[in-house]
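Working notes, structure below.
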Amino acid sequence: QVQLVESGGGLVQAGGSLRLSCAASGRIFSSYVMGWFRQAPGKEREFVATTSRSAGSTYVADSVKGRFTISRDNAKNTVYLQMNSLKPEDSAVYYCAAGRNSGSGSRIQEYDYWGQGTQVTVSS
């Protein structure tokens, strides 16, 4: 069982930055692929970014490429999402997720555990 707790969301102006954190319980954090997803009101949950178990490989959605960076610190059981040049369309609840399945890391079905989400609101 893995418990995930996100933090770092908030209200920011367009062009600003935020860093989200997701702290995981348990001693086997490094065995999980980690991902970030987001869901805006009335829309489906969508993939944002993923990082491999060793952080040797990362992948981000085209919509955030060049602006968002995912990283992880296995010693701290934490995964991060650095978000720069934020746009109003980035406003959503952001969720972190952990999964043991090997795949692209971009599909919801690949993840077994989810956090409660943190709200990000970008004003224009």
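In this structure the side chain of Ile70 reaches within 4.5 angstrom of the side chain of Val79, judged on heavy atoms. Between Ser104 and Phe47 the shortest side-chain heavy-atom distance does not fall below 4.5 Å. Side-chain contact between Arg38 and Asp90 is present, with heavy atoms from C-beta onward closer than 4.5 Å. The side-chain heavy atoms of Ile28 and Arg100, taken from C-beta on, include a pair separated by under 4.5 Å. Side chains of Thr118 and Val93 form no contact here, defined as non-hydrogen atoms less than 4.5 Å apart. Using a 4.5 Å heavy-atom cutoff, the side chains of Lys76 and Phe29 are not in contact. A heavy-atom distance below 4.5 Å is not found between the side chains of Gln39 and Glu46. Under the 4.5 Å side-chain criterion, counting only non-hydrogen atoms from C-beta, Ser71 is not in contact with Gln82.
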Could you go through the side chain to side chain contact (heavy atoms under 4.5 Å, CB included) check for Gln116 and Glu6 one step at a time?
-> CA-CA 7 Å; Gln116 82 290 348; Glu6 302 97 334; 2.9 Å; yes
Start with the C-alpha gap between Phe37 and Trp114, add the side-chain angles, then the distance that decides, and say whether ring pair (Phe, Tyr, Trp, His ring centres under 6.0 Å) holds.
-> CA-CA 10 Å; Phe37 289 75; Trp114 293 83; 5.1 Å; yes
Could you check Lys87 against Val122 for side chain to side chain contact (heavy atoms under 4.5 Å, CB included), going step by step and ending with a plain yes or no?
-> CA-CA 6 Å; Lys87 304 175 181 180; Val122 184; 5.5 Å; no
Check the pair Val48 / Tyr94 against side chain to side chain contact (heavy atoms under 4.5 Å, CB included), numbers first and verdict last.
-> CA-CA 9 Å; Val48 176; Tyr94 282 71; 4.3 Å; yes
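A single hydrophobic cluster is not seen to contain both Trp36 and Tyr95; linkage of ILVMFWY side chains at heavy-atom distances under 4.5 Å, directly or through other members, places them apart. Leu81 and Val12 fall within a single hydrophobic cluster, where Ile, Leu, Val, Met, Phe, Trp and Tyr are joined by side-chain heavy atoms under 4.5 Å apart, directly or via other members.
Taking CZ of Arg19 as the reference point, atom OG1 of Thr69 lies at 11.5 Å (rounded to 0.5 Å). Atoms OG and CD, from Ser123 and Gln13 in turn, are 5.0 Å apart once rounded to the nearest 0.5 Å. Taken to the nearest 0.5 Å, the OG atom of Ser17 stands 6.0 Å off from the CG atom of Leu86.
For Arg53 and Tyr32, the positive end is not near the middle of the six-membered ring at less than 6.0 Å and at most 45° from its axis. Cation-pi geometry between Arg72 and Tyr80 is not met at under 6.0 angstrom from the ring centre and within 45 degrees of the axis.
Ionic pairing of Asp62 and Lys65 is present here: one or more N-O contacts between side-chain nitrogen and carboxylate oxygen are shorter than 4.0 angstrom.
Across every non-hydrogen atom of Ala98 and Leu4, the tightest pair is N-CD1, 3.7 Å. Here the shortest heavy-atom pairing between Val120 and Leu20 reads CG2-CD2, 4.0 Å. The two atoms that bring Gly8 and Leu18 nearest to each other are O-CD2, 3.8 Å, heavy atoms only. Minimum heavy-atom separation, Tyr111 to Val33: CE2-O, 3.8 Å. Of all heavy-atom pairs spanning Ala14 and Pro88, the tightest one is CB-CD, 4.1 Å.
Arg107 places no side-chain N or O within donor-acceptor distance of the main-chain N or O of Gly103, the cut-off being under 3.5 Å. With hydrogens and angles disregarded, no donor-acceptor distance shorter than 3.5 Å links the side chain of Gln3 to the backbone of Ser25. Within the 3.5 Å criterion, the main-chain N or O of Ser57 finds a donor-acceptor partner in the side chain of Ser52.
Under the 3.5 Å distance criterion, with hydrogens and angles disregarded, no donor-acceptor pair is assigned to the side chains of Asp73 and Thr78.
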